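Let me begin by presenting the structure, written as structure tokens, before commenting on it.
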Protein chains: 2
Amino acid sequence: MGAEISERKKKILQIVVDEYIETATPVSSKAITQKHLTEVSSATVRSELAALEDQGYLIQFHTSGGRIPSPKAYRLYIDELMERSELSSAETEFIRSSFERRAASAESIVRSVADVISELTDYTSVALSGQSEETIGNIGLFPCGDSRALLLIVTDLRIFKDSFIALPEGMRDEEVEKMSRTLQNIFVGKRMDRAREAEEEAMQALAAYRQICREVLDAIFAYTDRREVVLSGGSKSLLHPEYDDVGKIRTFLSLVEDEEEIGKLLSDGTSVKIGVKIGSDGGVPEDCSIVTASYSVDGRQIGTYGVLGPVRMDYAKVVSVLESVGDVLEKVIKNSNGGK
Amino acid sequence: MGAEISERKKKILQIVVDEYIETATPVSSKAITQKHLTEVSSATVRSELAALEDQGYLIQFHTSGGRIPSPKAYRLYIDELMERSELSSAETEFIRSSFERRAASAESIVRSVADVISELTDYTSVALSGQSEETIGNIGLFPCGDSRALLLIVTDLRIFKDSFIALPEGMRDEEVEKMSRTLQNIFVGKRMDRAREAEEEAMQALAAYRQICREVLDAIFAYTDRREVVLSGGSKSLLHPEYDDVGKIRTFLSLVEDEEEIGKLLSDGTSVKIGVKIGSDGGVPEDCSIVTASYSVDGRQIGTYGVLGPVRMDYAKVVSVLESVGDVLEKVIKNSNGGK
DNA sequence: GTTGGCACTCTTTCCTTTCAAGTGCCAAAA
DNA sequence: TTTTGGCACTTGAAAGGAAAGAGTGCCAAC
């Protein structure tokens with residue numbers, strides 16, 4: 001734990017991690033002195049490396065194979081060592097334009113966030129919406145002919161949800177409309193996650209439609225708990241050299257296709273702004289890392305997004321992208337609401 | 001072309017294909033006589049195999065490596081040789097219940113078709129909706145508070161729900177509702193692909209809302225051309241032994257993630273009921289096969305669905321599943337419309 | 001036309017050798 | 001006390017080669 005670690009060790013550790021992230025091959029003492037730390041000899045570095053290995057920061061597979069960072073080293077790297085890279089202006093522009101283009105047609109901004117992150121980082125990205133504290137902007141039933149109606153809820157973040165409700169035989173469109181209006185009176189302006197508090201009130205107001213009242217309310221409350229997982233670039237991570245063998249690829253893909261599992265992984269660390277899980281901590285599978293960020297607008301948390309990839313991930317890049325995306329996202333949403 | 005092929009050759013070819021599909025290894029003369037054709041000697045079979053190879057039905061990689069079917073052989077197999085397997089009653093039950101469960105909550109039946117096919121065949125499945133002759137069940141604008149409304153179209157097969165329309169400053173909800181009603185009068189019951197025919201009529205009826213009329217109509221027509229590609233079990237095909245090498249996996253996955261390309265592949269063979277593309281014909285990548293089926297209800301084509309996998313695919317199983325899914329689908333849709 | 005027999009070809013597997021990379025350690029230098 | 005050059009040692013990866021196994025092609029006999 002409290003083992004001291006000298007400045008020079010930190011410097012060396014940083015070089016090792018940087019180098020390993022870039023080359024994906026174990027780093028040797030020679031490589032360090034040749035490329036980065038020319039003022040000392042390789043023998044010196046070697047003894048430092050041996051010490052770092054003793055302290056659990058480095059791992060050596062074979063006696064002649066250089067060393068790679070341990071999860072512990074990655075953690076230190078992320079917390080202290082790495083140099084965040086600014087995104088290029090082309091990249092920030094790309095983020096902005098992606099969101100704006102979507103905002104017009106938007107089914108949900110979640111999709112586009114996932115796409116943008118995956119595009120910029122070259123890793124698989126994951127977005128989770130639904131733990132958000134949105135308020136209900138409109139709610140209504142939309143009749144669809146064959147004894148069904150579509151229940152629609154639009155929130156102030158223009159994320160909306162829908163599901164079908166079976167209507168009682170012979171219910172007329174006018175009645176459905178009336179019911180919609182009642183729902184609007186009750187729920188518009190309420191926070192999504194507090195919709196349940198209006199249950200009693202709604203039951204009474206909708207007494208005339210007892211038959212379907214329950215169904216509608218349950219559907220509304222179901223939205224409350226619903227989390228939507230969106231994934232982008234599922235195979236992008238596979239382009240990285242650690243996935244050089246069929247078994248690893250299959251493991252990774254089966255994780256990627258398991259929405260429920262992904263949802264769990266993402267929703268765990270929602271309290272911190274940027275969280276990183278490495279190796280097999282926090283349920284992340286061996287050899288995988290997940291970097292998550294949770295975004296909020298005006299203090300309301302609107303979603304969690306993340307990047308899923310190998311442990312040897314370009315954390316500096318990923319963190320920069322996640323932060324930029326968060327900033328732009330916040331601006332875009334604020335503008336579109338402010339322009340009301 | 002017209003090269004004759006004896007009954008015994010056909011029998012042998014069938015055995016080769018069956019065996020290869022099952023084992024994924026080249027088939028030898030010995031294996032044939034031991035397992036299936038015990039009445040002749042391996043030498044006899046050998047000469048037949050040599051003849052079949054001359055005619056282009058079989059391929060031999062090394063002189064001591066057995067033989068595998070050529071695309072030409074697969075085609076003959078599919079057309080004449082294969083024995084369709086009936087689905088088990090558990091399987092048909094699975095199809096039926098999947099559709100019914102979905103029909104109640106249905107976002108879109110396309111999703112569930114893709115899931116079912118992938119589940120039953122263990123291959124990646126693809127579903128394409130949109131060249132369909134759906135009819136509009138309801139249409140309307142759903143106000144969302146901040147000078148915007150959601151344009152919603154529900155057809156008998158899916159929901160279009162991702163066009164926001166900017167409303168003119170100061171437009172009241174009542175006006176939006178009125179406009180919705182007008183749209184309903186014009187479009188409900190119309191076929192999606194013929195919505196454009198009502199353009200003139202709509203322009204006149206909506207003259208009062210000139211400002212946004214154009215925008216709404218354009219959004220409607222934009223939906224018209226939209227084809228939705230749904231994919232299920234993207235990595236399922238990878239469980240098969242031909243994908244034993246990283247390059248092949250990447251090729252396959254990059255195809256799978258290219259929605260546009262998939263859409264093209266699927267929409268090509270829409271005229272036939274069941275179509276098969278093998279190897280690299282019709283734009284299918286080398287080493288891939290795609291089996292497609294187009295389904296219709298009451299003569300209206302409602303979609304194209306398919307299976308994407310290695311050339312060595314269990315065609316008998318796949319074709320059986322596609323046919324059964326088609327049958328059940330037709331029944332389910334007819335019932336749900338008939339029960340209106 | 002069919003069969004058994006046998007030589008031939010080609011892949012797969014396993015072993016051995018060699019080569020290069022990188023470390024660990026030590027004694028000398030700073 | 002820290003740093004350094006030198007050198008022996010370990011280990012994996014690459015290259016070569018022998019042996020084994022699978023399957024065919026062909027031929028002469030039935």
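Note on naming: letters A, B, ... go to the chains in the order of the sequence lines (proteins, then strands), and numbering restarts at 1 for each one. Given the structure is predicted, the values throughout are model-derived calculations rather than measurements.
Contacts between chain A and DNA chain C, taken as any atom within less than 4.0 angstrom of a protein heavy atom, begin and end at C:dA21 to C:dC25.
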Quiz item: How would nucleotides 11-20 of chain D be written as a contact map, 5' to 3', with B for base contact, S for sugar-phosphate-only contact and - for no contact, using protein heavy atoms under 4.0 Å?
Solution: BS--------

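A:Tyr74 and A:Ser289 share no side-chain donor-acceptor pair at under 3.5 Å. Between the side chains of A:Thr92 and A:Ser89, no donor N or O sits under 3.5 Å from an acceptor N or O.
Screening residues 247-268 of chain A for ring pair (Phe, Tyr, Trp, His ring centres under 6.0 Å) gives A:Tyr243-A:Phe252 as the qualifying pairs, with residues at least two apart or on separate chains. Pairs engaging residues 22-31 of chain A under the salt bridge (charged side-chain N to carboxylate O under 4.0 Å, His left out) rule: none recorded [sequence neighbours left out].
For B:Lys9, the salt bridge (Lys or Arg N to Asp or Glu O under 4.0 Å) criterion is met by B:Glu48, not counting sequence neighbours.
As a whole-Å value, the separation of B:Ile32 CD1 from D:dA22 C1' is 15 Å. Separating the CD atom of B:Glu19 from the P atom of D:dG23 is a distance of 11 Å, rounded to the nearest angstrom.
Closest non-hydrogen pair, B:Arg84 versus B:Val319, comes out as NH1-CG1, 3.7 Å. Closest approach of A:Leu253 and A:Gly234 over heavy atoms only: CD2-O, 4.2 Å.
Side chain of A:Thr292 to backbone of A:Tyr305: no donor-acceptor contact under 3.5 angstrom is found. Side-chain N or O atoms of B:Ser237 include one that pairs as donor or acceptor with a backbone N or O of B:Thr124 at under 3.5 Å.
Both cation-pi conditions hold for A:Lys72 and A:Tyr57: the charged atom is under 6.0 angstrom from the six-membered ring centre and inside a 45 degree cone around its axis.
Residues from residues 40-52 of chain A placing a heavy atom under 4.0 Å of any atom in DNA chain D, listed by number, are A:Val40, A:Ser41, A:Ala43, A:Thr44, A:Arg46.
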